[in-house]
Amino acid sequence: MKITPTIRAELEQFLQQEGLSLSQFGQIAGMNRGMVSAIVTGNKSMSVNQLDLITEAMGLPAGYFYDLFIENFIIDHPPNMRRIEPFLYRCAELDKLDAIRRVVGAIMDNLLYSPKLFEIAEGLLAQGKNEAALLLYEGVAETERYQHSERLAICQYRIFKIQISDDQSQNVGAAAVFEAFVERLGEIEQLDALKDLANVYRSLRKWDKVDEMAKKMKTKAEIQYSMKHKQNSRMYEESSKKLSRPLFVYITYADLLCANVCEELGDYEGALYYTNAYSNLDWVRETDEDALHWMKLYLHWSKANILAYRLLSGDVSVLHEYLNYIDESSDTIQEDRVTQLLNIMTAANRYMLDVNDTLKRFETEIASLSQRPSSDDMYTQQVLPDYSALCGYELAYYYLNQGMYNDGFNHLFCSMVKAHILNNETYFINCIGLFMRFRVYATPEIKTEFSNLIEKVWLNNVEKSGNTERGE
């Protein structure tokens, strides 16, 4: 039988090799002699803080003994959360994810430890230690999978938000798994969950699911809004703190999402119907600064989108009015400018418009298309990168058809890189098709760049499939 070594034995051997007394080692480690003696003789268990001091004093890298710590003090021992909690936080700090995985596997057979591990996961998430928190959420969710608890649903919500990434093919699965747990969340928490799901489906261009999530969100938000103004307002003030925005915004945002669905399906009459719905805010009772901020945003979006829908439906006479409104809205946020540029380029390509002068107004936005927006908001995190990839393609299509081949191919390659990052095969194939249509105008250097990009994507896919050796 294999005998597991102990940290105490390692320490004792080190003391003998270095010829150090307990007092001398204690001085190096910043610990008193009695503490060192108790640890060496086994009369006292060890905290992770003491282990770190010992490890540093022995000249070893931080976390060197963590696997042994798990073997010596956690596996086959009654779980001691006063020891385990600081150990998990320290593992997260050092990015020792395998150690966290082992601890979770060792103690999660017992439901009694779920609440504490969930609390630790929440603490790690607040510190931005998402990967470490994910392991704990997954452990709790696995243990409570038959409990139908709200904590299980919250774990699944956290897992969903952490797992959502640039890779749209993986996001499809993450959204489908989480969707089954939304109804188990608290009634207030469901609103943000549905909003996030809608935006992920929006980035995936699954318009039937966007429509479904939006309408569910609106129904639930209207019920909560009605109850808020009928019941104890203090109670709702507390519950509303859980929301990322004022309660009424979930009603208006649902209409905005439905308008977006109609737009993408070519139903501009339906899009105008929903836009008029969220432009009418007479029913909103809130008058605080945050509420007024959101009301101003929706009025701005409704005016801009009404003009955009007219333009996209073929009324090209509104292009100058649309541009003037954009210019007048000097406080327009950057995200809006990307959407507006996409609308203009889509209309330009659809109706063969000359927008060369217009593009000069969007030089900043065009230059920023290759940048990755940083935000916890699901719209900024998921929808905007999708719009950026599309916008790059529309720009490439426009420039190539205008005979401006250098600009066209540059935007095409940027869009291809975006499509690869998103793992969106449709976008990537469309870019290849566009290149093939205009390849006769490509210089040898551009053809080489195209070939190199295709090969790089191919090699990346080979590596993902585990066929690297055979590919070489």
Side-chain angles (χ1 to χ4, degrees), residues 128 130-131 159-176 178 192-207 209-210 213-214 244 253 256-257 259-261 263-264 301 304-305 308 332-346 349 359 362-399 410-432 434 453 456-457 460-461 464:
N130 291 2
E131 292 186 49
I159 291 169
F160 163 71
K161 293 188 73 173
I162 293 171
Q163 287 184 335
I164 290 297
S165 66
D166 290 330
D167 191 332
Q168 292 184 340
S169 65
Q170 291 184 12
N171 292 349
V172 173
F178 173 57
D192 270 320
L194 288 167
K195 172 181 65 65
D196 289 340
L197 265 174
N199 275 322
V200 170
Y201 283 130
R202 193 178 176 188
S203 71
L204 299 171
R205 311 191 78 75
K206 292 185 174 295
W207 302 115
K209 299 302 292 184
V210 177
M213 297 303 108
S244 63
Y253 195 63
L256 186 148
L257 288 170
N260 188 204
V261 171
E263 173 202 349
E264 293 293 341
W301 288 333
N305 287 337
T332 298
I333 54 180
Q334 185 67 26
E335 290 85 347
D336 290 348
R337 298 278 295 183
V338 173
T339 305
Q340 290 156 359
L341 176 60
L342 176 58
N343 290 335
I344 291 167
M345 295 315 302
T346 301
N349 290 328
L359 289 174
F362 289 90
E363 289 178 347
T364 301
E365 289 70 36
I366 292 172
S368 69
L369 287 178
S370 60
Q371 297 175 6
R372 180 74 171 89
S374 59
S375 172
D376 292 333
D377 178 71
M378 205 62 78
Y379 172 82
T380 307
Q381 189 184 110
Q382 295 299 311
V383 180
L384 270 187
D386 185 73
Y387 281 179
S388 294
L390 274 176
C391 198
Y393 174 83
E394 295 290 348
L395 282 164
Y397 188 98
Y398 176 80
Y399 281 125
N410 283 338
H411 283 292
L412 183 61
F413 293 158
C414 286
S415 185
M416 288 178 73
V417 170
K418 276 269 187 183
H420 175 55
I421 291 170
L422 296 174
N423 199 10
N424 190 310
E425 292 181 3
T426 300
Y427 290 177
F428 198 80
I429 292 170
N430 286 344
C431 288
I432 292 176
L434 185 58
L453 178 55
K456 182 179 179 182
V457 171
N460 185 259
N461 289 336
K464 284 182 180 178

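All residue numbers refer to positions in the sequence shown, counting from 1. Values below: all heavy atoms of this structure, side chains included; hydrogens, waters and symmetry mates excluded.
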**OP:** Decide yes or no for His420 and Asn460: does some side-chain heavy atom of the first lie under 4.5 Å from some side-chain heavy atom of the second?
**Re:** yes
**OP:** To the nearest 0.5 angstrom, please state how far the CG atom of Asn130 sits from the CD1 atom of Ile162.
**Re:** 5.0 Å
Original post:
With distance as the sole criterion, is a donor-acceptor pair present between the side chains of Glu263 and Asn305 under 3.5 Å?
Top reply: no
Original post:
How far apart are the closest heavy atoms of Tyr393 and Ser415, and which atoms are they?
Top reply: N-OG, 3.4 Å
Original post:
Under 4.5 Å between any side-chain heavy atoms of Val457 and Phe428, yes or no?
Top reply: yes
Original post:
Between Lys206 and Val172, is any pair of side-chain heavy atoms under 4.5 Å apart?
Top reply: yes
**OP:** Can you see which heavy atom on Gln163 is nearest to which on Ala174, and at what distance?
**Re:** OE1-CB, 4.2 Å
Subject >> Pair Tyr397, Asn430: side-chain N/O donor-acceptor within cut-off below 3.5 Å >> reply: no
Original post:
Hey, are the side chains of Ile432 and Met416 touching, using non-hydrogen atoms and a 4.5 Å cut-off?
Top reply: yes
**OP:** For the residue pair Glu365 and Leu342, establish whether any side-chain heavy-atom pair is separated by less than 4.5 Å.
**Re:** no
**OP:** Can you see which heavy atom on Tyr427 is nearest to which on Ala419, and at what distance?
**Re:** CB-CB, 3.6 Å
Subject >> Results of side chain to side chain donor-acceptor pair (under 3.5 Å) for Asn171 - residues two or more places apart only >> reply: Gln382
Subject >> Asn260 side-chain N/O to Leu256 backbone N/O, donor-acceptor pair under 3.5 Å >> reply: no
Original post:
Between Tyr387 and Tyr379, how do the two ring planes meet: parallel, tilted or perpendicular, split at 30° and 60°?
Top reply: perpendicular
Original post:
Which distance, rounded to the nearest 0.5 Å, do you find between the CD of Gln170 and the OG of Ser165?
Top reply: 5.0 Å
**OP:** Please examine the side chains of Asn410 and Tyr399, heavy atoms only from C-beta on, and report whether any two atoms are closer than 4.5 Å.
**Re:** no
Subject >> Considering all heavy atoms, the nearest Arg202-Val210 contact >> reply: N-CG2, 3.4 Å
Subject >> Heavy atoms from other residues, nucleotides or ligands near CD of Glu131 exceed 12 (cutoff 6.0 Å) >> reply: no
Subject >> Gap separating the CG atom of Asp336 from the CG atom of Leu341, nearest 0.5 angstrom >> reply: 12.5 Å
Original post:
Do the charged groups of Asp386 and Arg205 touch, with an N to O distance under 4.0 Å?
Top reply: yes
Original post:
When rounded to the nearest 0.5 angstrom, what is the spacing between OG in Ser203 and CD in Gln381?
Top reply: 9.5 Å
**OP:** Determine the minimum heavy-atom distance between Leu422 and Pro385, stating which atoms define it.
**Re:** CD1-O, 4.0 Å
**OP:** Show your working on side chain to side chain contact (heavy atoms under 4.5 Å, CB included) between Glu394 and Asn343 and close with a plain yes or no.
**Re:** CA-CA 10 Å; Glu394 295 290 348; Asn343 290 335; over 6 Å; no
Original post:
With side chains defined as the heavy atoms from C-beta onward, is the minimum distance between Thr346 and Leu390 less than 4.5 Å?
Top reply: no
**OP:** Give a yes or no on whether the backbone of Asn423 and the side-chain of Asp167 come within a donor-acceptor separation of less than 3.5 Å.
**Re:** no
**OP:** Rounded to the nearest 0.5 Å, what's the gap from CD1 on Ile366 to NE2 on His411? Could you check?
**Re:** 5.5 Å
Subject >> Rounded distance [0.5 Å steps], CG in Asp196 versus CE in Met213 >> reply: 12.5 Å
**OP:** Write down the atom of Ala193, the atom of Phe178, and the distance for their closest heavy-atom approach.
**Re:** CB-CZ, 3.7 Å
Subject >> Side chain proximity check, Tyr253 to Asn199, heavy atoms < 4.5 angstrom >> reply: yes
